[in-house]
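Everything on this sheet refers to the single structure shown next.
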Amino acid sequence: MRLTVSAPQTLPPLKQQNNRRKKTLAAIVLGSIFLLGIIVSPWILGDSGLSTVLTQRNQPPSWSHPFGTDWLGRDMLRRSLHGLSLSLRVGLLAASVSALIGTGLGLVAGTVGGWVDAVVIWIIDVFFSLPHLVLLILVAFAVGGGTRGVIIAVALTHWTSLARVIRAEVLQVSSADYVQLSRRLGKPPLWIARHHMVPHVVPQLLVGLILLFPHAILHEAALSFIGIGLSPHLPAIGIILAESMRHLSTGYWWLGVMPGGLLLLSVKAFDWLGENMRSLLDPKTSQE
Amino acid sequence: MLHSDYVLFARAQGESLWNIVRYHGFRNILLPAITLQFASLSELFGGSVLVEQVFAYPGLGEATVQAALRSDIPLLVGIVFFSALFVYTGNTLADLAYPIIDPRIRLGDCSV
């Protein structure tokens with residue numbers, strides 16, 4: 001009888017736990033839908049609204065054109081979505097390659113140690129001490145510029161922080177008591193890697209990958225903005241912003257503010273996604 | 001900082017807020033501030049590239065962009081090298097400043 005009485009008392013905190021988990025899941029789903037929507041929007045919208053309509057040029061934001069129109073009468077919302085989709089895809093590709101490099105080097109540095117570790121740390125230090133954007137320009141220029149140049153430059157310069165995080169995680173886990181104990185119990189190294197390392201490293205990798213996206217996208221936009229990245233006839237977000245610079249002083253604020261705001265929003269969405277994913281996947285916080 | 005025991009003790013001794021900040025807070029706060037300050041030196045170059053592009057200001061950032069656009073390799077590599085040297089100098093200055101601010105820190109003294 002007592003047991004049945006005391007059972008409901010323990011229920012409320014359990015329910016709250018579920019709510020927190022559900023909230024985090026909802027945030028992840030919401031963020032993913034928003035970003036996926038932006039990425040696939042060009043295929044849904046098609047090319048309508050991108051043609052020049054000279055009778056409707058330089059119109060401020062209104063209900064028919066939420067982002068206004070540019071100096072050729074093109075709908076800025078459509079252009080921004082097209083540009084952002086392209087930039088997101090380039091950023092995603094570059095960030096994924098970067099995450100692969102970072103994970104590989106981080107794992108090697110953490111597990112092999114010795115001079116390999118020293119070399120990797122030295123490379124990371126060199127990358128940290130060079131100004132990021134200047135290094136990006138140098139790499140993009142060295143491999144020949146264009147879309148390929150941007151992808152290679154972003155991929156080659158963004159892996160350092162992730163490599164550091166993964167190396168630190170591997171070092172920390174491999175010196176933990178339960179891993180030492182597991183080793184003493186005679187578990188094979190692969191078994192330890194599978195059961196003790198992977199649960200700690202995979203969340204870091206996923207979250208690190210997602211948190212790399214905003215950096216990659218912003219740097220892609222920055223490179224395109226200064227004219228070294230994507231070619232000017234592609235509607236990338238950096239190109240749209242660079243074009244709008246020439247029209248800001250004449251009072252057409254919506255050309256720069258609206259696409260810039262959309263870029264900011266999507267970068268923030270990635271950040272939000274990553275933070276929520278971290279709290280859900282990380283063994284330290286997933287039970288909160 | 002202000003929630004630590006020694007600040008509580010100083011306050012119990014009747015020290016004014018200004019003296020607490022001056023004698024107990026300032027040096028401790030300075031340490032992370034200096035680390036961040038010199039770590040963000042490299043951001044300076046990246047920022048100048050974008051800002052000088054926006055405001056058409058003829059500085060080092062604009063020179064970097066022009067060097068890249070006009071395939072001026074020696075200038076570009078020179079700027080990268082110089083900026084790395086700049087960041088290196090900044091970090092060394094920060095390292096040298098640590099023992100002055102906090103006497104507990106000693107560089108290269110690992111024999112303890």
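Quantities reported herein were computed from a predicted structural model and do not represent experimental measurements. In the text below, chain A, chain B and the rest are named by the order of the sequence lines, each starting its count at 1.
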Residue from Leu136(A), Leu138(A), Leu241(A) scoring the most non-hydrogen pairs under 4.5 Å with chain B is Leu138(A)
Does [X] reach the side chain of [Y], with side-chain heavy atoms less than 4.5 Å apart?
X	Y	value
Leu69(B)	Phe141(A)	no
Pro131(A)	Phe86(B)	no
Leu133(A)	Phe45(B)	no

[X] atom [atom1], neighbour heavy-atom count above 12 within 6.0 Å:
X	atom1	answer
Arg89(A)	CZ	yes
Gln180(A)	CD	yes
His132(A)	NE2	yes

Heavy-atom closest pair (Ala68(B) atom, Ile137(A) atom, distance to 0.1 Å) is CB-CG2, 3.4 Å
On a heavy-atom basis, the closest approach of Ala84(B) and Leu130(A) is CB-CD2, 3.3 Å
Interatomic distance, [X] atom [atom1] to [Y] atom [atom2] [nearest 0.5 angstrom]:
X	Y	atom1	atom2	result
Ser129(A)	Leu85(B)	OG	CG	10.0 Å
Phe128(A)	Asn91(B)	CZ	CG	11.5 Å
Gln66(B)	Ile226(A)	CD	CD1	10.0 Å

Sorted by chain and residue number, the ring pair (Phe, Tyr, Trp, His ring centres under 6.0 Å) partners of Tyr23(B) (sequence neighbours excluded) come out as none
With chain A, the option among Leu44(B), Leu41(B), Val65(B), Leu50(B) that has the most non-hydrogen atom pairs under 4.5 Å is Leu50(B)
Given Gly47(B), Ala67(B), Gly90(B), Gly46(B), the one with more heavy-atom pairs under 4.5 angstrom with chain A than any other is Gly46(B)
Bottom line for Ser48(B): the part with an atom under 4.5 Å from chain A's heavy atoms is neither
